[in-house]
Each structure stands twice: as C-alpha cells, then as structure tokens.
Amino acid sequence: MRYISILIAAIFAHNIALRYFLGWCPLVSQSKKLSSAWGMGVAVTLVMTVTSAVNWPVYNYLLVPYGLEYLQYIAFIIVIASTVQVLEMVIERFFPSLYTTMGVFLPLITVNCAILGVSLFMILRDYTLLTGIVYALGSGIGWSVAIVSLASIREKLRFADVPKPLQGPGITMLIAGIMAFAFLGFSGMVGIK
Amino acid sequence: MNKLERLLSEISSYTEDHPYLRYITEVIDTIRSIVFEPGVSAEESPFLRDYIEIKRYMFAVVVAVAPAALASIYFYGWRALAMIVVSYVAGGIAEVGFTLIRKEEITEGFLVTGILFPLILPPNTPLWMVAVGIIIGVILGKEVFGGTGYNIFNPALVGRVFLTITFPVAMSSEWLIPLTGGWAGFNQFSVDTVTSATPLGVFANAGTLAPLRELFLGNIPGCLGESSALLVLAGGIFLMLARIIDWRVPVSYLGSVFLFSALGMYLWPNQVAPPLFQLLAGGLMFGAMYMATDPVSSPTTKEAKWVYGVFLGVMTVSIRAFSGYPEGVMFSILLMNMFAPLFDEMVMTLRYGPIEKPYK
Amino acid sequence: MKIFGLDLQQYETENKPNLRVRDELETVTVPTKGGYGSSLSPSVEIGDRVEAGEIIARNDDSISTPALASLAGEIIEIVELDGYHEETGDKFDAKVQGIKIKVSPEQSIKGSGIEWEKEKPKNLRELLYLAGLTSFGQTGVPTEFNSSLFSPAKVEHLLVNGVRTEPFVHHLVDFSEEFASYKTGLEILARTFPKSQIHFVMDEKTQENLKELSSSQRIKVHSAKNESYMSKSKMLARKILGREKLDEGGYLLDHGLLALPEIFPLATYRAVVEGVPYIRRRISLSGPATEDSIIETPIGAPVKYAIGEDVKDNVDALTIKGSPLSGQKLEDSEMPVSKDMGSLVQLTKPQGSQFLAWLQPGLRKNSYTNAFFSALAPHKKKVADSGLHGEERPCVYCGWCSDVCPVDILPFQILKTHEHEMIDEVNRLQPQRCVDCGLCSYVCPSKLPLSDTVKSAKQEQSDESHNYVKYEENEKGLISVITEEEKGRGEESE
Amino acid sequence: MSNMKDIYTAGVWEDNPVFRQMLGLCITLAITNKVVNGVTMGVAVFFVLTASAFIVSLLGESVPRRVRIPVYMLVIATFVTLVYMFLKAFFMPLSQALGAYVGLIITNCIILGRLESFSSDNSPWDSIVDAAGVATGFALALIAMSVVRELLGFGTLFGVQVLGSGWTQWVSMILAPGGFLVLGLLIWVQRSISPVEEG
C-alpha cells in the first residue's frame, strides 16, 4: 500500500514536472510532436528508474561510510552519464527496434535535471532502496504524462491562432501554468513519505 | 428597423475612414451582425443550410442556465445579479479589448463564459475578485490561444481555479446560508448568514451527510448556480434534447461518479460519501452539464467522450475523498481538458491508423 | 425524409410532377461530350444536313462516346462551350465544343429496333455505344470500343441506382406507367453483361409496385433507407460490396461494380427495342421557386428553354444543377442541356437581412438541433431558401459534422489539417470515403466550407494514387491502356 | 571593445537564456518566489558560469571530443559544490530555501550550452565576457520573475511590505502555477518588445 501511495503521489500530487519544475528544458523542446514525446517519456522513465537504483547504493554504501556526502553531485552526475551510455549500448545491442525509436532521446537525457533531481530528492527524503525506485518510476511516469499531454495540446494548437510573440515556448509555459493549477487539486491527497 | 440598419451601416462607414474611430469599426460591425442577420446566399454546395448558427448555439446555453441564475438571485439576493453583471462587463471589456488589439473578429463564445463563471463562484465573492477571475479566464484561458474555438481549457474554469488557488480564504472558507420562503432573495441585496462549510466540506470534516431532498431542491450552501440540482438538471436535459451538448459526457461522467463512489464507499467508508449524495452535492451536476460538455475543450470523437467522462468521474471521486479540497469537480474537468486532445488523437489512431509520415 | 433526425420533409412534394415535353425549338447546340469521356471533334461540317440520331462526332481511339444529333436539321455553327468539365469533375480537360443545328420542320429518327433476346452481348454493347448511351456512370459503360477505362469483363456487378432521396429531386421514370419497358430494359442489361449480377436499388417509399422485378433470377432488388446520402452510388456500393473495399479508394469499377443512373434501363429499352437513340433528356425540375415537373427536351436545348418561364413571379431564384446538397450553381442559363443533366432545383434567395434572426423562435423541422422553440411560434412560415443563415466563425468542435457523416469521417479535422497543408494527416483521415452528401456543411453552425474542403482533399489524394493514372495521352487524344488480353476476356462465349 | 559590448548585451537581451533560448527553466521556475532567492541564485550561477568558462577555455582543444561533456560537467560540479558549501556555511536559511536546486545548477543547460558553444574555442577573456553576459541575462530574468511573484504573492519586495497592509495575497503566485504563468507572460512581453526573427 505504501508503495502504491508513493507511486500515485509521484505521478499526480508531487508531479516532478508540474510541482517541482524539473526537466523543463526538454519538456519545452521535445513536446512539439506527439511521437517524439512518447519516445522521450519512455526514455526518461527508464533512465530515471535505473539511475536511482544505482545512485542509492552509491550514496549509501560509498559516500556515507567515508563522510563524502558533499561529493554527491559529482558522484551522481558520473553515474547518470555512464548509465545513459551503458543503457544506450545495451538497447542498441539487444533491442534494435526500440533503439531506432528511442535511441535519439537517450543522449539528451544526461542533461535532464529531472533525473538528477529525482536522485537528490530520494536522498533528501531518506527513502529505502525500494521506495526510491518506486518513487523514481512514479516520477518518470508523471513526467511522461506531462510531456505527452503537452505534446498533444501543442499538436492541437497548430490549428490555433496564437499571438506571434507567444508562439512556441510562451504558450507552452501558459499551458503548463494551467496544467499546474489542475494538478494542485491533488494536493494533500497522498503523502510522499 | 430599416432605419436602425441604415444608421448602423452609416456609423460603420463613417468610423472606417476616421483616423481614431476606425479602431471601433469592428465593434459597430459586430453589433450590426448581431442585430441583423445578413441575407447572404450560399455560393457553393450545399445550397441548403441549417438555420442554426453560433449565436443561437451559444444563446441556447444561456437560456438553459437562466433558471439556475434566477434561482441564485432567489437564494442569495440581488448581489448574485451584480456578480453576473460584473462578470459580463469586465470580461466583455477584456475580450473586446484583446480582439481589437489583435485586429480580429469578435466572436460569440464569451456569451456563455460570462454567465457560467459567476455561477460557479461562492455567493460572497468580492466583486473585484469576480472581475479579476473573469479577466484571467478570458485572457489566459482563451484569448492567448486565439479566441473562441481554439482554447484548450474551459475559460470559466481557468478563472475559477485561479481564484481558488490565489485567494483560498475568500473562496473556500465562508459560505452563505441560502434564503427560502416567500420572495426570499428577491427582496434584498445580500445575505449575511455565514456558515463555514458546504455539505461536501461538512462530510469531509465531520462525516455527516446533508438530506438529499434539500440537496436536490437547493436549500444548502454552495456556489451561486450549483445549489439546486433540479434546475441544473433541467437545463442540462434541455441542452441534450436540443443537441447543443452531447449526452455522452454527462451520462458517462455522472455514471462513473455513481459507480466509483459506490465502490469507494465499500472500500473506504469513512472517506467516500455515498453515491446519491455525491451526485447531488456540490458542483457535480453543474460541472457535468455545462462545464465538462464545453465542446471546444472536451474531446470531439464519440469514443473519446466516453473515456473522458469515465476519467472525470474517477478524478472527481478521488479528489473529493482523498485530497485537501472537499470539491473536485473543477479540478478534474480542468485536468481532463488537458488530456482531451490526447484522447481524440488516440481515437483517430485507432480508427484511421497512425500517420504514415509525421509532419515536418 | 429523415436524415439522422433531420427532417427534410418540407423539401418534398407530395404531388406527382407532370411530364412536360418541350419540343418547339429553332436551334439546338449539341455538346460533343456529355458525362464520361474526352471531348470530341465534330465529324460533320457546317452546311451538312443531319437526321435526328445521326452521329455527328465520334472517335473510336479516344475514350469517348459518340455525340448524336438530337433533331434533324442543318449544321450552322460550331461553338466553344464553357463549364462542362467542371460539371463532371473528371480529368478530361479539353474544351467541349457545341454543334449548332438549325432545326428543320420535317423530323425523322434514324434507327430501328432489334430482336434483343437472340443478339450477342457484344452486339448489344455496340448498339449502346452507337446510341450514345455509354458515357453514363463514374467511368463510362465498358464496351469493345473505348467507351471506358475498363473492359466489359471487369463488370461483376451492375447497379442501377433508382434511389431518389435527396431533397427536391424527383424520379425521372414514372414507374406506374412505364414499368413494363423499364423491366425489359433491365433484362436487356442482364443480357448485355451476361456474367454480372444486376442490382436494382429503390428507396423504401417507391418500391411497392416493383416486387415483380425480383421474380427475375438475374435481377436482385434492394431497398435503401430514405436518407439523403443513400442516393449516392458509392453508398449503395458499400452495401453491395462491403465497406472495407471501398474505403481504399479508387473507382467503383476497380472493385468490379458499374453503377448506372435510374434512367439507363429505360433509355436502353428505347434504343434497343424501339430503335430510338439517346437524343432526348428528362430533367427533374423542382424547388420552392418553381412548379414541380419533369421536363423532356432534346439534348442541346438551352437550359433556359428547358426551365421555361416557370420561375414564380417576383422571386429572386438560384438555379442548381443536381441536388441542392451536392449540386452546382447554374452560371449560364443559355448553356445547352447535356446528356447527364438529371435535375434542376430552383431555390429562392434570402430576402434582405433579418432582424435578430438568431433570437426568433420557430422550430425549423429541417434543423439538426431542436433549439428553435417552434411551439412558441407555430405561425412562422418555413421556407427553404439558399441562405447561409449566419456568418462564418471558427470551428467550436461541436462534432455535428462527424455525427451526420454517413461514412465515419471527421470533416472538421480534415478542414483544419487541409487548411494547414498537413498532407499526411489529411490522407490519414481518409477523405476518399466521402460520398459528397453535403450534410456536414448543412449542419455546421459555424458555416464552414466542410463539404467543399473534403471534396478537394479527396481530389488531391486521388491525384496521387495510382488508381487514377490508368490512361495516357497520345496524339489522338486520351486513350486507354487496357491490354489486348483484357479486351479479349471481354468476349463471352454463347 | 565594441565587440565585447556586443557579446555582453547579446547575452543579456537578444539571446537572453531564459526568454529566448528557454534554458535553465527548472531553476528559474523553482526559486523565483522571493527576490532574495532570485538574487542569490543569480549570483551563484554568475560565479559558476564565469569560473567554469574560464577553466574550459583554458582547457581548449586539449580535451578529447568524446569525453568533453563529462569533463565539463565535472568542472561545473566542482564549482557548484563550492557554492553549495559556501552557502551552507554562511547563509544557512538561504541554503535551505534553495534546497536541491543549487545542485541542479550542474544540469543547468545554460552553463553547459555556453561552455560547449563558446568557451571551448575562444580566448579566456572573451569567454568570461560571454559568460558574464549570459549570467547577467539569467540573473535579470530571475529578478524580473521574482519581483512580479513576490510583489503579487506577498505584497512585499525583499521582505518589505510594499503594497500596503490591506493587500490580499495572491497565493498562486508563489506556487508552481504562478511561476509558469509569470514566465509565460514575461516571455510574451520580451518577445513583443524585440520580436523573434523568422527562421
């Protein structure tokens, strides 16, 4: 039950994109097309889950015992960069069809702050390994929900007559604002801890 | 009548060439087209056209909510009317101003937003907040997307949710007890009997239920137009019969609320209210009939409408039961507005297959 | 008739229209093309004397059907005619010429009847070709001549479309009077295409006295719902062939179906049994601005003459070729009547602007919605006119256009994607399914040009698709690329 | 010298990282509910960006292409760690307010983007000016956003009551949605003043 509530909380009430503003650079740039939004969403969910599964032991068994917590940023960023590299190679080797649809998004993910953010939140909130992974999975799904719905809205907006200065990023931020309003309805729904 | 028509066209042709007044030509032309339907013949097939048009389409909604609006005056005094007037004036200025700056045609969508917005506000909302809300709703909820027909979200709900989050104290902590008997609110300007919660709030805090009969007839505190489920239902049925709104959305929405609250009541008896109470209390009926059915912001394909309605029900029941807000209708509709294009796209993919080559 | 709850009853006439024959003409201008086929050059010269029914333009190398003189007389002029390929919408772009004949007082018809029961199918087809009848249908009637892109062997189903469900359009055949000849006509067709199944489709209302037809083994009688789009051959073809095939697009004959108009069996009977070639045309004339009638006139008579002086006094009328839901405006009333001109509808134009029209009660029975409060104003006069009743506005996604669409497409989405030139997305939405019923534009509250856009999207798509590039051009004009082998298969053994 | 000025002003206005390039959004959105936070973050990013631009331009071509990004990220992460420790030591409340977002400067694409596109093949002096311009633009964007949000949200600036005590606080402005809306509106304003060129 605890895992389910954390999962739901991470998707809705504590949506990583709409509540904590993470991963917005790719959200703005990759949400022009629905097809690429799906690819990006799947890729981010995957990388987020895998990196938090690696980062947790790295932090708790490598950094904490030697009092090196202040090196967490450096450690995490190395883990993320190498995980993405490994994941890319694995997918290319064993799932070539998946690679053709998703491969292009993987390198973009290294600089996605949502990935680093999830690992940092995981440490800040003292999750166990399993809750950390569930939280990362939920955050990934939540981020995907945001990018996919944003992309479908932007596809519909191609027909709309948006004022010129607002086209593109401007209107995306306003939509995000209204989306964030809607997501506030979930506040207080389920605890994140 | 011919005199009036001639006068309007004279004014219009005068302002057209005037250095300053030419900006308001659009307004004059709009007035002219509202007052006189131009007798234009169809130039391409079909040569027979239905008599329905957007003005009538929108006006039917106003007619349908009129009983609920009158009831709000009866329950809460003439202040309710003042709120409606403020909403129309402030929103109208925002709408016309925006379209004039963008040099576009003024469209009729505001006719509906202007009356629906005050009806989903608490009766004691300060008038300046009504103005702020409708301006935000019209500009950020509609005009930035290009005006009527392009908005992704329901403009009235954008304004309402903005107010709810921005002014939580004013919007959700004090409610008025409606007047009943005799001429009730028709005799006075405002009501000052204050209570702390709506039936849904009472249930969330204390777990007690309001009597269904009162909920149905309207003798309970709540938002202006939401109090009487009976009148809202009547207006909604009229709209469904007139085909202005699609019956699928209200049916699937109300049905799924009924179903999921029955299920939820069985699983979490302390948090989920019983189905009939859920259906009649709060803004559900109003939302299901007038808000969720807004054609622009809801899905257009039939299959997507069913999915949309079912999701709306799930969201509403879970927000009401588990979140910090006692009422979840407006949040869930706004939330599902966000997914409406996705549902439509998925239905199209199922029906016609994926796009072979994505656009460049 | 009812269309998805849309009551178009007021557009129908209860009275049987009179048949009026218009014959007193001084000149006729016979177009060298009518219906399917390329434009022909006259094979006669100015000053020649022609008989009624004599071939005056013919080219067996191009895809075409001969043009026949409709009245006897002297050729006096050869003129260029405008507006013909627009009407048929096909790809034969050449200018159509008109052969002007000065009618002489003595009339006789060239031709004679034959014993059709014993005739070979091939000869019957030749007879139809020479009688000028093979330009009917979407791609012409296949014969051993180049009257169609297809060979006669391709015809598996022959559909005679006797459905008249569109507003204001009458049956051209009076089934109570002409039933015997009509039945014989169908039987001749069964013999002309011996390997194919003949389907005869009628609307529910008029099929009463046709039960006798189904006694014949070769002829299958169907009935269609009284809904406007059911008069479209493509719609009926979906019923006979199954819809999946037709959603792929292409001509009906690609799927083995030859669809012919209601008048065809009767004309066949006249040509084969009575020996009268196809030189006269029946036109249904109706609408609120005129008196309902069926007009029979020689081909080539000016439309103005065919209509006569029937426009009611002091009415500003709009004349439409075809149905008011999918037809075209008649631009020029001097235009000669062509072989395929089936109906003319005269609608009144809206009279001036109306004060607060959108607020007035008065249910229009023909409206898709019920938002008119008719009970409040029973005295309100309801007229069918050609008015738009509103102004163009942005789409509000009401979904009515897809609700009324008989073939499950999303006209509003096609309009939007087409406007923004997203070709792949337009094609994904399958505009080729459209049957041109025009109902989407009819119900649109925003008065958007839906039907027109879907039509042009369909056209653009078919231009790309390979089904439509079966013919090539050479110096003789447009010729078919049917292989000799295919032609050979057209020979049936007796 | 005018060249230097151009590089600098381009970063501040025409190529403003937030309003034009849509970079560094996470931080912009997350911490701008108070002007103090905006200023602090602006200074922190200024420091990290100029310092790492300097180092990277010194490294220049000597770094192999394949490991460039990880090396840059290490450089940035080092400076961010410095900032993080500095804040924790001297400004504890601020450090708590900014939370994990200080760490997220590492993945701030402004910095990486600048290093990648400019500093790696320009002289140290040019790189610092460019970095300073971009960082100033970023800081100004942060301050603009935080001024609007704090003013409406609390009625205050730097914690000082500005709009009078009767001001009804616009709570949504300090929450997530307000951040998005204000950013969207500021983008609208900025792009209306100097429109985006086609192409």
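Atoms considered below: every heavy atom in the structure, side chains included; atoms not considered: hydrogens, waters and symmetry mates. Here is the naming used below: chain letters follow the sequence lines, and residue numbers restart at 1 for every chain.
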Please rank [options] by heavy-atom pairs under 4.5 Å with chain B and give me the top one.
| options | value |
| --- | --- |
| C:Ser441, C:Cys395, C:Ser402, C:Cys437 | C:Ser441 |
| C:Val345, C:Ile409, C:Ile320 | C:Ile320 |
| C:Cys440, C:Ser386, C:Gly322, C:Gly387 | C:Ser386 |

- Query: What residue, out of B:Ser298, B:Gly353, B:Gly109, has the most heavy-atom pairs lying under 4.5 Å from chain C?
  - Reply: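 Among the listed options, the one with the most contacts to chain C is B:Gly353.
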
- Largest heavy-atom contact set with chain C, pairs under 4.5 Å, which of B:Thr300, B:Val296, B:Asp344, B:Thr301: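 Option with the greatest count: B:Thr300.
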
Tell me, side chain or backbone of [X] under 4.5 Å from chain C's heavy atoms, or both, or neither?
| X | value |
| --- | --- |
| B:Leu239 | neither |
| B:Met240 | neither |
| B:Thr349 | both |
| B:Ile52 | both |

Nearest-0.5 Å distance that lies between atom [atom1] in [X] and atom [atom2] in [Y]:
| X | Y | atom1 | atom2 | value |
| --- | --- | --- | --- | --- |
| C:Thr369 | B:Leu241 | OG1 | CG | 11.5 Å |
| C:Lys455 | B:Glu44 | NZ | CD | 9.0 Å |
| B:Asp246 | C:Asp403 | CG | CG | 6.5 Å |
| B:Leu48 | C:Leu388 | CG | CG | 11.5 Å |
| C:Asp385 | B:Ser41 | CG | OG | 7.5 Å |

Considering only heavy atoms from C-beta outward, does the side chain of [X] approach that of [Y] to under 4.5 Å?
| X | Y | answer |
| --- | --- | --- |
| B:Arg351 | C:Gln430 | no |
| C:Glu425 | B:Tyr352 | no |
| C:Leu325 | B:Phe47 | no |
| C:Pro445 | B:Asp50 | no |

- Apply the test salt bridge (charged side-chain N to carboxylate O under 4.0 Å, His left out) to residues B:Arg49 and C:Glu392: give CA-CA distance (whole Å), side-chain angles for both, the deciding distance (0.1 Å), then the verdict. CA-CA 12 Å; B:Arg49 299 291 176 101; C:Glu392 195 170 318; over 6 Å; no

- Task: May I ask you to establish whether B:Arg243 and C:Tyr368 are in a cation-pi arrangement, using a distance under 6.0 Å from NZ or CZ to the six-membered ring centre and at most 45° from the ring axis?
- Result: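 Ring-cation test returns yes.
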
Where on [X] is there a heavy atom nearer than 4.5 Å to chain B: the side chain, the backbone, both, or neither?
| X | value |
| --- | --- |
| C:Leu429 | both |
| C:Leu356 | both |
| C:Cys398 | both |

- Task: Can you label the angle between the C:Trp400 ring and the B:Tyr57 ring as parallel, tilted or perpendicular, going by 30° and 60°?
- Result: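 Taking B:Tyr57 first and then C:Trp400, their aromatic rings stand perpendicular (interplane angle over 60°).
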
- Does a salt bridge link C:Glu391 with B:Arg32, judged by any charged N lying under 4.0 Å from a carboxylate O?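 So C:Glu391 does not pair with B:Arg32 through a salt bridge.
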
- Query: Does a side-chain N-to-carboxylate-O contact under 4.0 Å join B:Glu53 and C:Lys447?
  - Reply: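 No salt bridge links B:Glu53 with C:Lys447.
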
- Within 6.0 angstrom of B:Phe311 CZ, more than 12 heavy atoms from elsewhere: no

- Item | Full working for side-chain hydrogen bond (donor to acceptor under 3.5 Å, both in side chains) between C:Ser326 and B:Ser45 | CA-CA 5 Å; C:Ser326 57; B:Ser45 67; over 6 Å; no

- Item | Interface residues of residues 139-152 of chain B facing chain C - non-hydrogen atoms under 4.5 Å apart |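 When heavy atoms of chain C are the reference, residues 139-152 of chain B contributes B:Thr148, B:Gly149, B:Tyr150 within the under-4.5 Å range.
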
